[in-house]
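Structure, as structure tokens:
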Amino acid sequence: MTIKIAGTGSALPNKIMTNKDLEQLVETSDEWIRERTGICERRIAQGDTVASLAATACERALANAGKKAEDVDLILVATCSPEQLLPCAACQVQSIIGAQKAVAFDLNAACSGFLFGLATAYSYITAGLYKNALVVGSEVLSKIVDWTDRGTCILFGDGAGAVYVEATEGPEGFIGFAQGSDGSKGSVLSCNERTDNPEEDIYVHMDGREVYKFATRQVPKCIVEAVDRSQLSLEDIDLFVLHQANTRIIESIAKQLKQDISKFPVNLPRVGNMSSATIPVLLDELNRDGKLQKGQKIVLSGFGAGLTYGACVLTWQ
Ligand code: UT7
């Protein structure tokens, strides 16, 4: 038994912030941001929350799968930017969409969170505890970004993506997973919790070069491990849907894997880095644009704060 993605959905805030807009905030240029990151614009929440964006993405994933909220068994929201510690965003989503019988909880593995959520849903469902799940990545990073730090504020955006997964006997669905964490390097990408102390630094801090090195070294190895575990070769893979952090990172990974860059779709120029939401949003766009074909072998892979990283392989239905 395995699980398959039976529906996808996403939700982006309406407000667009361009690189030109950022030129008004920090000493940067549209040219620098495009060349070093590939990003042209990103979405910024205005009133939307992690829970409201996640709920909209879930409703769209359910509609895409032809399923009802009241039949959902499990809701997993991966997020590192919830508005509230309690209740968790997943329980708020449960209430908004009316998924009365679902078990709901959040998990935080930063940009790898959606992948870790998929592996968690896979484990629950193949163990026989549940039959289906909504797995969501949702972020409102704009509220934890320091808008005076040009090293980070140019990168991030807000949004949510969701998939509805269910048990299947195959041949479609998930084949292999690989995951890892390296807590000893946690300080290269960090953010403190909000407190009552106005002096407290509550914004994202990043050593960009260290994260870049980590991603370009670790992600190719992790993808190879997941592909090996699936008893496939890299040549069998039709699409690599990677965490959208930087087009240079994606190009480096494609080169190291000796795979044509056309196998690596991107939406980063339009939406920036939305942490846990990047992979499910891109997957939903590909699905709705008719770019996913039955039988295609797809790799999903992400990396981020923790440090954490993960990859999985699936056959599209
Ligand atoms: O989901 C995971 C999240 N994190 C990431 O994916 C981050 C991975 N890292 C990166 O994407 C890149 O390291 C960055 C895009 C963040 C930075 O690019 P870089 O090529 O590593 O630049 P750098 O930090 O080495 O900085 C080069 C120069 C510096 O100036 P000096 O010291 O050479 O005079 C920076 O001060 O560029 C300067 N700089 C900027 N200039 C204009 C840094 N940020 C900016 C900026 N605009 N926004």
Side-chain angles (χ1 to χ4, degrees), residues 17-43 78-81 108-117 137-142 144-161 179-183 185-191 203-220 222 241-254 256 264 266-269 271-282 300-311:
M17 182 181 271
T18 64
N19 292 347
K20 285 273 172 216
D21 295 331
L22 280 164
E23 287 177 4
Q24 312 302 314
L25 296 179
V26 287
E27 201 183 324
T28 190
S29 67
D30 176 44
E31 192 190 359
W32 192 96
I33 302 171
R34 278 174 200 258
E35 271 177 16
R36 300 284 179 121
T37 71
I39 300 167
C40 305
E41 58 188 44
R42 68 288 290 142
R43 299 299 182 98
T79 183
C80 59
S81 55
N108 176 0
C111 308
S112 311
F114 176 73
L115 287 173
F116 285 23
S138 183
E139 305 287 0
V140 177
L141 298 170
S142 56
I144 57 168
V145 159
D146 178 354
W147 291 100
T148 65
D149 174 16
R150 67 178 183 173
T152 53
C153 75
I154 56 148
L155 297 173
F156 299 108
D158 301 334
Q179 291 171 286
S181 305
D182 181 1
K185 304 237 171 59
S187 61
V188 303
L189 184 44
S190 64
C191 181
Y203 298 112
V204 173
H205 289 275
M206 183 178 71
D207 182 335
R209 282 189 191 186
E210 281 304 313
V211 178
Y212 191 97
K213 273 194 264 173
F214 153 70
T216 50
R217 276 186 202 147
Q218 200 66 57
V219 176
C222 187
V241 179
L242 303 192
H243 172 48
Q244 304 284 298
N246 185 318
T247 46
R248 287 191 296 143
I249 293 178
I250 295 171
E251 283 159 11
S252 166
I253 293 167
Q256 291 181 64
F264 293 72
V266 289
N267 63 0
L268 184 72
V271 292
N273 179 348
M274 301 179 292
S275 190
S276 68
T278 60
I279 294 171
V281 169
L282 179 53
L300 311 179
S301 181
F303 63 89
L307 298 168
T308 56
Y309 50 94

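When a ligand or atom number is given, it counts from 1 through the structure's own listing order.
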Taking [Y]'s backbone N and O only, do any of them form a donor-acceptor pair with [X]'s side chain (distance below 3.5 Å, no angle check)?
X      : Y      : result
Arg248 : Thr37  : no
Glu23  : Asp30  : yes
Thr216 : Ser252 : no
Thr79  : Ser81  : yes

Distance in Å, Asn246 CG paired with Leu155 CG, rounded so as to fall on 0.5 Å steps: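 That separation rounds to 7.5 Å.
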Given the protein's heavy atoms, is any one of them under 4.0 Å from [atom]?
atom                    : answer
atom 31 (P) of ligand 1 : no
atom 36 (O) of ligand 1 : yes
atom 14 (C) of ligand 1 : no
atom 18 (O) of ligand 1 : yes

For [X], take its heavy atoms, then give the atoms of ligand 1 lying under 4.0 Å from any of them.
X      : value
Thr37  : 15 (C)
Ile154 : 48 (N)
Gly208 : 8 (C), 9 (N), 13 (O)
Arg36  : 19 (P), 20 (O), 22 (O), 27 (C)
Ala245 : 6 (O)

Touching ligand 1 at all, Gly304? Heavy atoms, strictly under 4.0 Å?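 Judged by the 4.0 Å heavy-atom criterion, Gly304 does not count as contacting ligand 1.
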Got a sec, which pairs hit salt bridge (charged side-chain N to carboxylate O under 4.0 Å, His left out) with one end in residues 144-159, sequence neighbours left out?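 For residues 144-159, and leaving out neighbouring residues, there are no salt bridge (charged side-chain N to carboxylate O under 4.0 Å, His left out) pairs at all.
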Using distance alone, with no hydrogens and no angle criterion, decide if [X] and [Y] have a side-chain donor and acceptor under 3.5 Å apart.
X      : Y      : result
Glu251 : Thr247 : no
His205 : Ser190 : no
Glu41  : Thr18  : no

For Gly157 and Leu141, work out which heavy atoms get closest and say how close.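 For Gly157 and Leu141, the tightest heavy-atom pair comes out as O-CD1, 3.6 Å.
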Among all residues two or more places apart in sequence or in another chain, which pass the salt bridge (Lys or Arg N to Asp or Glu O under 4.0 Å) test with Asp182?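 Here the qualifying residues are Lys185.
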What residue and heavy atom of the protein are closest to [atom], and at what distance?
atom                    : result
atom 10 (C) of ligand 1 : Asn246 ND2, 3.7 Å
atom 44 (N) of ligand 1 : Trp32 CH2, 3.3 Å
atom 47 (N) of ligand 1 : Thr28 OG1, 2.7 Å
atom 3 (C) of ligand 1  : Asn273 ND2, 3.4 Å
atom 21 (O) of ligand 1 : Arg209 CG, 3.7 Å

CZ (Phe264) with more than 12 external heavy atoms under 6.0 Å: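 Count over threshold, so yes.
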Which of the listed options, [options], holds the heavy atom that is closest to [atom]?
atom                    : options                        : answer
atom 48 (N) of ligand 1 : Arg150, His243, Arg248         : Arg150
atom 5 (C) of ligand 1  : Ile249, Thr247, Val211, Asp207 : Val211
atom 7 (C) of ligand 1  : Glu27, Met206, Glu35, Gln244   : Met206

Report the part of Ile33 in contact with ligand 1, treating N, CA, C, O as backbone and CB onward as side chain, heavy atoms under 4.0 Å; options are side chain, backbone, both, neither.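 For Ile33, no heavy atom sits under 4.0 Å from ligand 1.
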